[in-house]
Structure formats: C-alpha cells, structure tokens
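Here's the structure, in structure tokens; my notes come after.
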Amino acid sequence: MSPLCQTHITPEQLNSMEPFYPLHAYVCESCFLVQLEEFVAPGEIFSAEYAYFSSYSDSWVAHAKRYAELMIDRFGLGSGNRVMEIASNDGYLLQHFKARNVPVLGIEPAANVAQAAAEKGIQSVVKFFGQQTAREVAAEFGPADLLLGNNVLAHVPDLNDFVAGMKLLLAPQGVITMEFPHLYQLMKLNQFDTIYHEHFSYLSFFTVEKVFAAHGLTLFDVEELPTHGGSLRIYGRHTSDTTKPVSDRVTDLRSGELAEGFDKVHTYLGFGEQVKETKRKILEFLIEAKRAGKTVVGYGAPGKGNTLLNYCGIRTDFIDFTVDRNPHKKGKYTPGTHIPILDPEAIKTARPDYLLLLPWNLAEEIIAQCSYIREWGGQFVLPIPSVRVLP
C-alpha cells in the first residue's frame with residue numbers, strides 16, 4: 001500500500017488521514033504488458049498543481065537539446081514542419097526546436113506546468129491526449145511531422161486510446177518518437193522503485209511493438225539510452241509509409257528480449273523475491289549506520305524515492321530530512337513517510353555522514369553538485385540496484 005508519489009504533504013496536512021492505494025504490478029499472459037490497476041484517475045494525479053517540472057534537472061534539459069539537434073539533422077526539419085510534444089511539461093524540450101525556428105506545439109494536461117512553458121513562448125493545449133484531443137488538435141493546427149513523447153507512454157491508463165490518437169495526428173510521412181524506461185533494465189537492475197501509481201504501464205520492446213502494430217504503426221528504429229536507469233527511444237511511422245526501412249536494431253532488440261524469456265510468465269514472477277531481498281539489504285545498511293551513531297540525509301524527493309521509502313518503511317528514524325531543488329516540494333514532507341523536504345543548503349549545515357541519493361538516475365549530476373560533503377568525510381549512498389557506498 002502506498003500514497004501517490006507526487007502528493008507532497010504540507011505542514012497543515014501532517015495530522016490528517018492520507019490515502020494509500022495498492023501498488024501491485026500485474027503481467028498480461030497474452031501480450032506480456034506489465035501494468036498497474038487504475039485506482040486513481042489521471043486527472044487527480046496530473047492536476048492543476050502537478051509538482052514535476054522537467055527543467056529542474058540540468059542533465060535532462062541537456063538530453064532534450066541533444067535530441068532536438070539529432071531530429072533536426074536526421075529528418076531535415078525546418079520552418080515548414082511542425083513538431084508536437086505530448087506531455088510537453090514546462091517547455092524543457094520544445095524550446096530547443098523553437099530556437100532553431102521549427103514550429104512547435106505542446107500538449108500538456110497539468111495547467112501550472114503548461115503556464116511555465118507559455119512563459120518561454122511555447123504554446124500548449126492543456127488537455128490529456130487520446131483520440132478526441134488528437135482530432136481537435138489536427139483540426140486546429142494540422143498534422144505533426146514529428147510527434148514525440150518522453151516518459152509519457154508509461155503514464156497512460158488507456159494505452160490503446162493514446163496510440164490510436166498518435167496515429168490520427170501523425171502526418172502521412174511523419175515520425176513518432178517515444179522514450180520510456182525499458183522493462184528489461186528495470187528487472188535486470190532491480191529498479192523496483194520506478195513502479196508507482198503515476199506509471200500505469202511497464203514496457204518491453206516486444207510488447208510496445210505489438211501495441212503500435214495493432215494501430216497501423218510500425219516501429220522502424222530503436223535506440224537504447226542511459227536515461228532513467230535505462231530507457232528506449234522508439235521510432236514509429238505509418239505502416240503504409242514505406243520510405244523508412246526497419247533497422248537491424250529493431251530485430252536485434254526483439255530477439256534479445258525473447259532470448260531473455262520476455263514472452264514467458266515465469267520470467268516476471270521471479271522479480272518479486274529479488275525486490276524483497278533488496279529491501280532487507282537497504283534496511284540492514286540503515287540500521288547498522290544508526291547503531292554506529294552515523295547521520296543519514298536524503299537527496300531528492302522524486303516519485304521513485306517515495307516508492308522506496310514507503311515500501312522499506314524508512315522514516316525520520318533513519319533519515320533526518322531530504323532536500324530538493326524544486327521550490328514546489330521544499331517546505332513540504334514526503335508522502336506517507338513524512339520526511340521533511342528542505343533546501344539543498346541544509347546539507348552544509350547538517351554535515352551528514354551519508355547522503356542517500358533517491359533519484360539515483362541523476363547520481364552523476366548530484367555527486368558533482370554535492371562533492372563538498374567529502375570535506376567532512378561524508379559519503380554518497382546509492383540504494384539501487386543494491387545498496388552501495390561511494391567514497
């Protein structure tokens with residue numbers, strides 16, 4: 001049972017009841033989609049005050065800039081094309097196309113985040129994406145030559161409606177790109193903390209290919225990326241568009257997943273025991289640290305951190321506080337575990353022995369920013385794939 005991972009608690013809410021929902025991942029025996037049940041409608045999660053702003057991660061903004069340059073060069077995009085991003089957040093990515101004079105449009109359901117994009121001069125349609133929105137956008141703005149979505153495919157409860165919408169909005173020779181955490185890496189590297197209510201689906205290439213094919217879309221290329229602990233970037237086109245041949249990377253990745261048993265239920269069922277052992281190791285480390293009189297502070301208050309803290313039962317008995325750069329989180333408390341979220345400057349005052357990195361996917365960036373903890377002998381701790389202390 002776990003609370004919604006982006007519902008940070010205000011001081012006034014600390015003594016109120018908090019809703020917890022089952023956090024159970026299921027696998028379909030037919031198509032092998034790993035999914036959660038929908039307990040909370042997306043409208044309640046990605047509401048007017050959604051707290052995730054992409055621009056607070058420097059490395060993520062840099063990743064978006066590299067992507068924009070790659071797409072402009074590969075597909076020859078210019079002022080006569082239109083790029084549309086689904087779940088465009090605060091304009092962190094579309095700003096790089098705009099800077100190169102490529103017309104852009106964002107589709108973003110969270111009004112407060114879309115407002116931040118508008119301040120960068122990026123127009124957004126404030127709606128959830130599906131077939132209905134696709135029809136409306138196509139009627140008003142025309143089709144998309146490049147239709148993209150980073151870390152949105154997993155957040156959609158009705159995957160078929162979403163993919164059918166992309167088919168409707170894509171220009172006849174247009175390209176779709178989607179990035180999402182790769183289920184293969186999640187299981188291999190024990191990234192159980194990336195399972196939370198906002199992520200409805202957990203995707204292998206083998207399964208995504210089936211979903212797209214069912215809607216007349218063919219995946220013609222794929223890249224494996226290091227982002228979010230190991231992601232895929234898929235490239236899709238209309239099945240009728242024969243101008244883009246299917247690359248060897250597609251057949252190689254599909255074959256690799258099948259060789260690992262991603263079309264067998266037992267492959268998925270062994271994961272649960274692996275997760276329990278990881279929990280025991282994290283708690284062993286924290287118990288030993290506290291018994292030795294060491295202080296432990298967290299870095300970050302990401303969705304994945306809240307799954308980890310709630311599943312392991314880690315509260316202020318183990319972690320004094322955590323810190324975050326995002327002003328929408330500072331001064332609040334982590335959902336369920338009620339650990340205070342302070343400004344990163346608090347680390348310098350507290351001088352902890354250990355800094356536990358909850359957004360472990362940004363470890364390199366955070367370690368560079370907080371290298372000063374080594375001045376007093378502080379050490380970084382990564383909880384995933386298994387707990388380890390970095391000097």
Rounded to the nearest 0.5 Å, what separates atom CD in E85 from atom CD in E108? 8.5 Å
How close do K281 and V387 get, counting heavy atoms only, and between which atoms? O-CG1, 3.7 Å
Is it true that a side-chain atom of T251 and a backbone atom of D248 form a donor plus acceptor pair closer than 3.5 Å? yes
Under 3.5 Å, is there a donor-acceptor pair between the side chain of R388 and the main chain of I384? yes
Return the minimal non-hydrogen interatomic distance between K348 and R351, and the atom names on each side. O-CG, 3.3 Å
Is M187 close to L183 at the side-chain level, that is, under 4.5 Å between some pair of heavy atoms? yes
I need the minimum non-hydrogen distance between H182 and S204, along with the two atoms involved. CD2-CA, 4.2 Å
Determine the interplanar angle of the Y26 and H24 rings, folded into 0 to 90°, and report it as parallel if under 30°, tilted if 30 to 60°, perpendicular if over 60°. perpendicular
Should L148 and M84 count as side-chain neighbours, where that means a heavy-atom distance under 4.5 Å? no
Do any N or O atoms from the side chain of H338 and from the backbone of T334 form a donor-acceptor pair under 3.5 angstrom? no
Is there a side-chain contact between V137 and F129 in this structure, where contact means two heavy atoms from C-beta onward sitting under 4.5 Å apart? no
Stepwise salt bridge (Lys or Arg N to Asp or Glu O under 4.0 Å) check, E223 with R66: CA-CA 14 Å; E223 291 174 70; R66 286 191 300 273; over 6 Å; no
F180 to N151 - nearest heavy-atom pair and separation: CA-OD1, 3.9 Å
Does the pair E69/K65 count as a salt bridge with the N-to-O cut at 4.0 Å? yes
Report yes or no: does N310 contribute a side-chain atom to a donor-acceptor pair with the main-chain N or O of N306 at less than 3.5 Å? yes
Does the Y372 side chain pair with the main chain of Q369, one donor and one acceptor, at a distance under 3.5 Å? no
Compute the centroid of each ring, for F192 and then for Y311, and state whether the two points are separated by less than 6.0 Å. yes
Euclidean distance, T337 OG1 relative to L309 CG, rounded to 0.5 Å: 4.5 Å
Output yes when K127 and E136 qualify as a salt bridge under the 4.0 Å nitrogen-oxygen rule, no when they do not. yes
Between K290 and T295 (side chain of the first, backbone of the second, donor and acceptor by atom type, cut-off under 3.5 Å), is there such a pair? no
Can you name the nearest heavy-atom pair linking S247 to D221, along with the distance? OG-OD1, 2.9 Å
When you measure from the side chain of K120 to the backbone N and O of D90, does any donor-acceptor pair fall under 3.5 Å? yes
What's the shortest heavy-atom distance between H197 and L36, and which atoms? CA-CD1, 3.9 Å
Quick test of your reading of the model: are E257 and K264 salt-bridged, counting only N-O distances below 4.0 Å? no
Would you call the rings of F97 and Y67 parallel, tilted or perpendicular if under 30° counts as parallel and over 60° as perpendicular? perpendicular
Heavy-atom count check: over 12 atoms from other residues, nucleotides or ligands less than 6.0 Å from R291 CZ? no
Looking at the rings of Y354 and F380, which for Trp means the six-membered one, are their centres under 6.0 Å apart? no
Could you tell me whether a side-chain N or O of D324 sits under 3.5 Å from a main-chain N or O of A301, the two making a donor and an acceptor? yes
L217 backbone acceptor or donor facing T239 side chain under 3.5 Å: yes
Determine yes or no for a side-chain-to-main-chain donor-acceptor pair under 3.5 angstrom, with D145 supplying the side chain and R82 the backbone. yes
State yes or no: are the ring centers of Y268 and F262 separated by less than 6.0 Å? yes
Does K98 NZ have over 12 foreign heavy atoms under 6.0 Å away? no
Checking R325 against E365 for the salt bridge (Lys or Arg N to Asp or Glu O under 4.0 Å) test, could you report, in this order, the C-alpha distance in whole Å, the side-chain angles of both residues, the deciding distance, and whether it holds? CA-CA 13 Å; R325 287 171 66 189; E365 180 180 329; 3.7 Å; yes
